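Before I ask anything, here is the structure I am working with.
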Amino acid sequence: MRDEASLPVAPVKGAAGTALAHDSARKHVTGSALYTDDLPELPGTLHAHVLPSPRPHARILRMDASAARAAPGVHAVLTAADVPGEVDIGPVFPGDPVLAPGLVECVGQAVAAVAAETIEQARAAAALIVVEYEDLPAILTAEEALAAGSFLSPPGVMRIGDAAAGIAAAPRRLAGTFSIGGQDHFYLEGQVAYAQPREDGDLLVYSSTQHPSEVQHLVAKVLGKPDAQVTVEVRRMGGGFGGKETQPALIACIASLLADATGRPVKYRMDRDDDMTMTGKRHDFLVRYEVGFDERGRILGIVLDLAARCGMSADLSNAVVDRAMFHADNAYFLGNAVVTGHRCKTNTVSNTAFRGFGGPQGMAAIEYVVDEIARSIGRDPLDVRWVNLYGRSDRNVTHYHQRVTDNILPELLDELETSSGYRFRRAEIDAFNAGHAVLKKGLALTPVKFGISFTATHLNQAGALVHVYADGSVQLNHGGTEMGQGVYVKVAQLVASEFQIDLERIRITATTTGKVPNTSPTAASSGTDLNGAAAIDAVRQIRNRMILFLAEHYRTAPERVVFRDNRVLVAGEALTFAQACRLCYMNRVHLSAAGFYRTPKIWWDPKEARGRPFLYYAYGAAATEVLVDTLTGEYRFVRADILHDCGTSINPAIDTGQVEGGYVQGLGWLTIEELWWDAGGRLRTHAPSTYKIPTGRDVPIDLRVRLVANQPNRERVVHRSKAVGEPPLMLGIGGWLALKDAVAAVGGHRLPVHLDAPATPERVLLACEDLRRRIPAASAPAGPAMDR
Ligand code: MTE
Ligand code: HPA
Ligand code: MOS
């Protein structure tokens, strides 16, 4: 008898490892993908609008909503006093009232909510609400908070070795301060929720959220209902970038409160200005450092102080600042280090998760310091990066005492240094800069090492629900949410591989708390790692039941039942997958399973600040070249070479897209995206007219992205892949340092340069002018007339 199980395997279509377009790509580009605001509106739907606080810190002395209540089309006006359940919707710690209860702590805080028949009526009515405020002193910046001792929690400290002794004994020392700006998420789809009352006080909420379970829980909490009465569903988001990890709760809770109060379906869709004013952003940081190093630039001791502007409440700031501290080494061994993180409480909107979750700020900080070290000793910054890089067998313990055991950066950097022509181009750029007084070029090659796992250990779990129907078609559901990153198709590819059936047989379904409960946010880049593993667990349960039944039915050993090429081979017989499913169904085999996964090996002791917070690290590097007009400060990124590590990629097309998008978003953060608040604590950059995100013209003209080949994840992660959602953002740090390099050329690379982020054209120009003032007249480089 021929043993079919031993025949070579033809991969099924769309299996894990195949480069495929996003499952919704066609719908995205033709405009037929349905987002929350596109769902058909039920008859009687009302529209919500919220009155935001115009004051950064004030007591509410009096509020009169009578005119608003009497306004045309209005069905409800709610204040904190009207909330039937709990007012506070803080995700981890209290401090985020859904509507302000007598005190406002930032401009944009929700004060009252209106539901009316049209959005215009809701807006007009909100304007009729009379509020009398008594202003209180406001703290707006991290500096002011540090000076006033205004913190949300005590400082966090991570240490290794003896930093003070290391610095004292070092032949060279530097100290300084710089700032790193925040960032608006600028997801294309703004925040939106649509709440629909169902029977017996149940509620169905469509929410554009990365965290359906948290929205469910907080909606239930403000309504004073059990979680089981609320269902939250999301088919897709038009981008989240961390901005929809906690922030959607406010929008969904307000829609739900109004739906509950009126008995009508209520939609709350923020317009862009409200969204930018009222929801949290990336934390801006103030960095202070003192570092001791040797003649080659090797760090011998460092004290690094990271102060984050957290805004009015804790939100996720504890974890964000933790992750900043965890990444204050980036790729470098800091044998003697003290890293301190401050959570500054300010009267500004509460800052939140944003791609990288504090990691980018920590990494930008150390990269800036390494750049400063290199310039102070006149060495190429890349050489200083090399001497500080984590070792393989020694110099491989982080300042939180996790050993780095999977470091591929030595090969990765070596390969990129060669493939990008770094050394050759460095010489070319030096020659160019010597010959041009106005135009200056800069180049920076920076590495990325990013820890994968939620640092809150309990979040590292996921569930999935897989149904196999009697016709052999499969429905897949899991806790992961789709925001454009491709988690749906990647998990489906894993399921296709596991069942050995073509991807097209698997239906991807919307994420809902009704199918998989108690889910973690789709965040920390772990969507595919966690939900993919949970889905595989579900598939294996079903497959095992099928195998046991078929073996018995055909009187053979379970090992002789093999899933392959859309068929099930049983002791020489080949059933189609559909035939096998029907046979199982007819014989009462359970063809549905809930899968579960929890990340192994990780632990964290917050008291000692040591442990293994990360299962593994994802690596990458970018070499970025920029051309600067030093008379205007304008610049253009001319070339970027990127080499990024996705382990064994589940979908190289999607992953490459993540690398490109992440890199450009990182570039935008550190260069052109500038948040600007006035002295009254009002954000003045609250629309694309004043807040500039990168467009096609800001992408490097020559962008060369490659994924690292033949480096499977050494941990048992699905398909031996690596998480890719956030790590590439930090490749953008090189863009900032390339600009610093170009500016330094104005002073012939002999004078120190200060360049805060974002390095907007304005800041670049000021830095160039500052340098020109400091150049001794005699040695001033040739003026514009000499330019070629
Ligand atoms: N890619 C797109 N297109 N849109 C997004 O909103 N969010 C990023 C990243 N890539 C995002 C994205 C962030 S912040 C995270 S944490 C991950 O995707 C989340 O998805 P994953 O865990 O499935 O990678
Ligand atoms: N990353 C992203 N989101 C999170 C994390 C994290 O480490 N912890 C809690 N939410
Ligand atoms: Mo991403 S900041 O972890 O949502």
Side-chain angles (χ1 to χ4, degrees), residues 174 176-181 287 289 297 364-385 422 425-446 622-640 666-674 692 698 700 732-777 779-784 786-787:
L174 275 178
T177 301
F178 54 94
S179 64
I180 300 169
V287 182
Y289 71 93
I366 190 69
E367 286 298 341
Y368 190 94
V369 172
V370 167
D371 188 89
E372 292 282 275
I373 292 173
R375 294 188 188 283
S376 77
I377 53 176
R379 289 195 83 194
D380 186 322
L382 181 57
D383 295 326
V384 176
R385 296 198 159 93
Y422 181 88
R425 283 164 63 202
R426 170 64 70 202
E428 257 187 358
I429 287 170
D430 285 346
F432 177 93
N433 288 340
H436 292 74
V438 170
L439 296 178
K440 296 290 180 190
K441 284 186 174 180
L443 177 66
L445 195 162
T446 53
T624 304
E625 182 180 334
V626 71
L627 177 65
V628 177
D629 179 337
T630 64
L631 283 186
T632 65
E634 288 164 298
Y635 47 79
R636 187 90 204 253
F637 290 101
V638 288
R639 177 170 162 186
L667 266 190
W669 163 47
L670 294 168
T671 61
I672 56 174
E673 295 186 42
E674 185 175 30
K692 293 302 190 190
D698 302 297
I733 293 169
W736 177 36
L737 297 179
L739 278 166
K740 191 162 179 273
D741 188 48
V743 172
V746 172
H749 292 284
R750 284 184 297 272
L751 299 171
V753 178
H754 185 96
L755 190 62
D756 290 332
T760 55
E762 190 180 358
R763 279 223 172 96
V764 168
L765 179 60
L766 290 172
C768 290
E769 291 186 342
D770 174 54
L771 266 181
R772 287 205 180 93
R773 267 194 299 276
R774 278 156 41 212
I775 297 169
S779 67
M786 296 271 294
D787 210 8

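Residue numbers run from 1 in the order of the sequence given. Just so we're clear, the structure is a prediction, and the values are computed from it rather than from any experiment.
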Checklist entry - Would you say Lys440 and Val743 make side-chain contact, with heavy atoms under 4.5 Å? => result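 Side chain of Lys440 against side chain of Val743, heavy atoms only: no contact under 4.5 Å found.
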Item to check | Arg750 (side chain) donor-acceptor with Gly378 (main chain) under 3.5 angstrom | outcome: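 Answer holds: no.
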Item to check | Partner residues of His749 under the side chain to side chain contact (heavy atoms under 4.5 Å, CB included) criterion, sequence neighbours left out | outcome: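 His749: side chain to side chain contact (heavy atoms under 4.5 Å, CB included) contacts with Arg375, Asp741, Ala744, Ala745.
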Checklist entry - Going by atom types alone, do Glu762 and Thr760 pair a side-chain donor with an acceptor below 3.5 Å? => result no
Checklist entry - Sequence neighbours excluded, which residues qualify as side chain to side chain donor-acceptor pair (under 3.5 Å) partners of Ser376? => result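 So Ser376 forms no side chain to side chain donor-acceptor pair (under 3.5 Å) with any residue.
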Item to check | For Glu428, side chain to side chain contact (heavy atoms under 4.5 Å, CB included) partners two or more places apart | outcome: Phe424, Arg425
Checklist entry - Glu674: what forms a salt bridge (charged side-chain N to carboxylate O under 4.0 Å, His left out) with it, not counting sequence neighbours? => result none
Checklist entry - Taking Leu670 as the fixed residue, which of Ile180, Leu755, Leu737, Asp756 is the one that meets the side-chain contact (heavy atoms from CB on, under 4.5 Å) rule? => result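 Single side-chain contact (heavy atoms from CB on, under 4.5 Å) partner of Leu670 among Ile180, Leu755, Leu737, Asp756: Ile180.
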Checklist entry - With sequence neighbours excluded, what pairs up with Asp629 under the side chain to side chain donor-acceptor pair (under 3.5 Å) test? => result none
Item to check | Set of residues satisfying side chain to side chain contact (heavy atoms under 4.5 Å, CB included) with respect to Thr671, sequence neighbours excluded | outcome: Tyr635, Phe637, Leu739
Next on the checklist: Please evaluate residues Lys740 and Glu372 with respect to the criterion salt bridge (Lys or Arg N to Asp or Glu O under 4.0 Å), reporting the C-alpha separation (whole Å), side-chain torsions for both, the decisive distance (0.1 Å), and the verdict.
Outcome noted: CA-CA 10 Å; Lys740 191 162 179 273; Glu372 292 282 275; 2.5 Å; yes
Checklist outcome for this item: So the salt bridge (charged side-chain N to carboxylate O under 4.0 Å, His left out) pairs with at least one residue in residues 429-439 (sequence neighbours excluded) are none
Checklist entry - How about Lys441 and His436: do any of their side-chain heavy atoms sit closer than 4.5 Å? => result no
Checklist entry - Who are the side chain to side chain donor-acceptor pair (under 3.5 Å) partners of Thr624, not counting sequence neighbours? => result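 Residues passing side chain to side chain donor-acceptor pair (under 3.5 Å) with Thr624: Tyr663.
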Checklist entry - What pairs with Trp736 under ring-ring contact (aromatic ring centres under 6.0 Å, His included), at least two apart in sequence or on another chain? => result Tyr368
Checklist entry - For Lys692, which residues count as a salt bridge (charged side-chain N to carboxylate O under 4.0 Å, His left out) partner, sequence neighbours excluded? => result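 Partners of Lys692 by the salt bridge (charged side-chain N to carboxylate O under 4.0 Å, His left out) criterion come out as none, since no residue qualifies.
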Next on the checklist: Just to verify, what does Arg639 make a side chain to side chain donor-acceptor pair (under 3.5 Å) with, not counting sequence neighbours?
Outcome noted: Asp641
Item to check | side chain to side chain contact (heavy atoms under 4.5 Å, CB included) partners of Arg774, counting only residues at least two apart | outcome: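 Per chain and number, Arg774 pairs via side chain to side chain contact (heavy atoms under 4.5 Å, CB included) with Leu751, Pro752, Asp770, Leu771.
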